[in-house]
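Note sheet for the following structure.
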Protein chains: 4
Amino acid sequence: MMVRKPKQQRAKVTVDTIIQAGFIAVSQSGIHGATTRQIAEISGIGVGSLYEYFENKEAIYQAMNQHFVNDIVDMLRKLTPNLVRLNLHDVVELLLNSFSDLLRRDGGIYLKYVRYSRYSPLIETALMEFAMRYAMHNPKFLRLENMATINYICITGGIFSVIRHLSTPTPNVTFDQLLEGLSRMTTSYFDAEFARLDHVEKPNL
Amino acid sequence: MMVRKPKQQRAKVTVDTIIQAGFIAVSQSGIHGATTRQIAEISGIGVGSLYEYFENKEAIYQAMNQHFVNDIVDMLRKLTPNLVRLNLHDVVELLLNSFSDLLRRDGGIYLKYVRYSRYSPLIETALMEFAMRYAMHNPKFLRLENMATINYICITGGIFSVIRHLSTPTPNVTFDQLLEGLSRMTTSYFDAEFARLDHVEKPNL
Amino acid sequence: MMVRKPKQQRAKVTVDTIIQAGFIAVSQSGIHGATTRQIAEISGIGVGSLYEYFENKEAIYQAMNQHFVNDIVDMLRKLTPNLVRLNLHDVVELLLNSFSDLLRRDGGIYLKYVRYSRYSPLIETALMEFAMRYAMHNPKFLRLENMATINYICITGGIFSVIRHLSTPTPNVTFDQLLEGLSRMTTSYFDAEFARLDHVEKPNL
Amino acid sequence: MMVRKPKQQRAKVTVDTIIQAGFIAVSQSGIHGATTRQIAEISGIGVGSLYEYFENKEAIYQAMNQHFVNDIVDMLRKLTPNLVRLNLHDVVELLLNSFSDLLRRDGGIYLKYVRYSRYSPLIETALMEFAMRYAMHNPKFLRLENMATINYICITGGIFSVIRHLSTPTPNVTFDQLLEGLSRMTTSYFDAEFARLDHVEKPNL
DNA sequence: TATGAATGAGAGTTCATTCAT
DNA sequence: TATGAATGAACTCTCATTCAT
């Protein structure tokens with residue numbers, strides 16, 4: 001809901017500056033502690049100028065969410081060519097490590113933000129898309145009929161475990177332990193589903 | 001916290017009414033959209049009366065959280081005697097079904113609320129306590145050294161998957177599928193860890 | 001002002017208790033920091049009961065002022081027989097010492113109160129009345145035609161100097177110095193007026 | 001104190017307007033009857049704007065007091081060169097006349113205000129400084145050892161008598177009578193102290 | 001285009017007063 | 001008679017939004 005399309009380069013830069021400032025403000029003061037004044041100050045522009053680029057505060061938050069989702073989707077896109085060649089264990093590890101890096105970059109502004117953000121369906125879509133690509137490179141996965149459920153569980157479980165872990169000041173499990181655990185969980189889950197498949201398909205062998 | 005101790009039955013009821021109104025208000029307007037006036041209105045009392053029972057708005061939110069956590073912990077306590085006698089698959093199923101029921105009761109006010117609440121360490125503690133009791137009834141679990149990590153993953157994964165599912169208007173996986181999936185995930189994960197344990201302990205057999 | 005005439009002894013006692021509590025509350029919280037709740041609490045009675053004896057908060061303050069003024073006037077009445085026999089220097093000293101004692105009794109609740117109270121015309125009247133009595137015992141004062149002005153200055157100056165001094169945490173003049181000063185000021189002022197009188201009456205002597 | 005430094009002329013004017021409105025509000029409703037809305041209304045600005053210039057209501061009151069004290073001190077500074085050349089009688093007269101003018105200007109808003117203001121130590125300091133300058137121009141005063149006490153009495157007595165007189169609707173002494181009285185009181189007091197000094201210094205002459 | 005002073009609705013909170021018990 | 005829970009008007013203060021410059 002941009003008031004004015006930022007055709008010029010300068011305008012585009014300003015918009016990005018505001019969005020970045022938004023993340024910083026939210027990470028400093030929480031999503032409802034952050035004020036437009038604060039965002040303007042961090043941006044280095046006047047409060048009034050905020051409204052040249054965004055209709056209102058909510059629009060800034062929407063743009064922030066967009067930005068966040070785009071970053072995740074981009075990351076996923078760039079990773080995909082490598083990921084499809086890896087086994088499940090390494091996929092989970094690389095994926096969650098990358099996700100963790102994303103959340104912690106720039107002083108962890110995304111991490112603070114993510115607690116307030118709604119889990120976007122766009123991320124869902126992107127992950128599903130990736131899962132399809134992976135299955136196409138590793139056709140045995142296509143045999144699983146309950147892929148949707150398995151994905152749902154592994155993706156949700158993986159993402160929230162990582163977010164919660166990074167948000168906990170003194171977790172009693174290390175991040176490496178968590179990652180190894182999630183990798184094992186995923187592989188064993190899939191293995192079990194494959195085994196069940198075999199058992200069903202070839203019951204009398 | 002409480003300005004006045006609700007000694008009388010009447011006062012106790014009023015306090016509960018306010019807390020309930022708090023959940024309704026939050027579910028209607030979000031945690032920072034909810035106002036003291038709104039809570040008072042829903043409670044059917046005057047604004048001033050709110051402050052007869054609570055020091056400030058924050059104290060209401062704290063009492064709400066307390067209430068929520070107590071409900072979960074109570075549920076867990078009551079379930080424990082039955083749960084310890086069940087196999088892992090059924091434990092997960094019963095636990096998450098009960099959790100789901102809790103979140104959806106009273107028109108799902110807990111479900112709306114839970115998005116804004118912080119995952120309480122008291123819930124964590126209660127779940128860990130349960131895990132210990134279960135392991136004592138099923139001693140083979142005591143052999144697993146990485147119980148902490150496994151618990152972390154299964155608990156976080158289970159809870160957040162259920163919350164997210166209940167919060168999604170039109171999920172593309174049914175709740176029963178989710179539950180069956182989480183049960184399988186948990187059992188297969190534990191089985192894999194046991195297998196790994198056997199492999200390590202008896203490498204040359 | 002009183003809602004109900006306190007005919008019974010018990011009621012009279014309660015009224016006094018409330019007034020005392022009022023002074024304590026004001027000395028603790030200032031005149032607009034003091035609340036009806038606070039006064040009720042200090043009185044040891046319920047808030048509602050306050051309104052059995054006083055129409056509203058303002059009425060309590062009025063009664064307090066009345067009480068304060070009465071105490072001063074009573075003090076003055078009791079002192080008068082002795083005072084009229086003393087010379088001016090000792091009159092000032094005894095008067096202000098007694099006034100100071102009154103302000104400081106009961107932990108100085110009157111002293112805190114007096115900062116907020118309005119200088120009552122009743123005190124004025126009482127002091128004027130005393131001045132008249134003194135003049136009748138010491139007829140030479142009757143010759144002064146500008147007695148009103150002199151009284152005004154000496155009384156105002158004396159009272160406010162003492163109040164201000166008692167209210168100053170670390171005054172750079174001792175109370176005894178102040179009293180001696182005020183006594184001298186008064187005597188010298190009167191002496192000068194008498195001298196002026198003589199000079200006018202007997203210009204050529 | 002000030003949230004924003006009034007660099008621009010416009011802002012400076014607004015700050016002054018608010019302070020003036022504060023005096024008017026206090027003179028209308030008393031210091032705790034005056035509200036931020038009232039001050040804003042009198043200023044002709046919005047409530048929010050108040051907080052652009054002052055951190056809170058208390059800050060406005062502090063600025064008001066500052067303003068008042070500054071006006072008195074300025075008056076005293078400007079008067080000093082003339083005052084030091086006058087005799088005591090005329091000093092008192094000019095000083096108190098000027099003080100009276102200050103209190104009564106702008107419809108007497110200072111006069112109403114002064115009842116609620118605390119007697120500032122800055123005024124004290126300024127008066128003491130003046131007393132020193134006067135003594136240096138009139139060295140005989142330096143011989144008095146109890147100058148502190150005498151000043152205390154004459155200053156307090158003078159100031160409070162004038163304030164009280166101006167605040168009394170129908171005083172039974174005219175202002176001119178009061179001023180003449182205070183002048184005589186001061187001169188006779190000082191004369192008496194000088195006489196005492198001579199008597200002590202030259203006892204056997 | 002960019003600004004930030006000005007705005008005022010609305011937030012949380014207080015407290016003199018009432019009235020059912 | 002005595003109570004204190006309940007009340008709501010009114011307080012101080014905030015902040016998203018506007019608009020004259």
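No hydrogens, no waters, no symmetry mates; every other heavy atom, side chains included, goes into these values.
- Closest approach of Phe54(C) to Ile19(C), counting heavy atoms only: CZ-CG1, 4.1 Å.
- Using bins of under 30°, 30° to 60° and over 60° for the plane-to-plane angle, the ring pair Phe23(B)/His67(B) lands in the tilted bin.
- Listed by chain and number, the residues in a side-chain hydrogen bond (donor to acceptor under 3.5 Å, both in side chains) with Arg105(C) are Asp71(C) (sequence neighbours excluded).
- When the C1' atom of dA16(F) is taken as reference, atom CD of Glu41(A) falls 15 Å away, rounded to whole Å.
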| remark: Taking Watson-Crick and G-U wobble contacts under 3.5 angstrom, with | marking pairs to another strand and [ ] crossing pairs, the secondary structure of DNA chain E is written .||||||||||||||||||||
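- A search for salt bridge (charged side-chain N to carboxylate O under 4.0 Å, His left out) contacts involving Asp16(C) returns Lys12(C), not counting sequence neighbours.
- The phosphate of dA2(F) has OP1 or OP2 within less than 4.0 Å of a side-chain N or O from Tyr53(C).
- In this view, Ser117(C) satisfies the side-chain hydrogen bond (donor to acceptor under 3.5 Å, both in side chains) rule with no residue, not counting sequence neighbours.
- Glu41(B) is linked by a side chain to side chain contact (heavy atoms under 4.5 Å, CB included) to nothing, counting only residues two or more places apart in sequence or in another chain.
- Between the C1' atom of dA11(E) and the OH atom of Tyr61(B) lies a distance of 12 Å, rounded to the nearest Å.
- One atom, CZ of Phe54(A), and another, C1' of dT3(E), lie 18 Å apart when rounded to the nearest Å.
- Taking atom CD of Gln38(D) as the reference point, atom P of dA10(F) lies 13 Å away to the nearest angstrom.
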Enumerate the protein-to-nucleotides 13-15 of chain F contacts in which both atoms are nitrogen or oxygen and the separation is below 3.5 Å.
unit_1  : atom_1 : unit_2   : atom_2 : d
dC13(F) : OP2    : Tyr51(D) : OH     : 2.9
dC13(F) : OP2    : Lys57(D) : N      : 2.9

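- In this entry the distance linking CD1 of Ile60(B) with C1' of dG12(E) reads 10 Å, nearest Å.
- Judged as a salt bridge (charged side-chain N to carboxylate O under 4.0 Å, His left out), and not counting sequence neighbours, the contacts of Arg104(C) are Asp101(C).
- Listed by first and then second residue, the salt bridge (Lys or Arg N to Asp or Glu O under 4.0 Å) pairs that reach into residues 57-67 of chain C come to none, sequence neighbours excluded.
- Ile45(A) places its CD1 atom 10 Å from the P atom of dG4(E), with the value rounded to the nearest Å.
- Every residue meeting the side-chain hydrogen bond (donor to acceptor under 3.5 Å, both in side chains) condition with Gln38(C), not counting sequence neighbours, appears here in chain and number order: Gln28(C), Ser29(C).
- One can place CD1 of Ile39(B) at 15 Å from P of dT7(F), the figure rounded to the nearest angstrom.
- Per the geometry, CD1 belonging to Ile18(C) stands 14 Å off P belonging to dA16(E), to the nearest Å.
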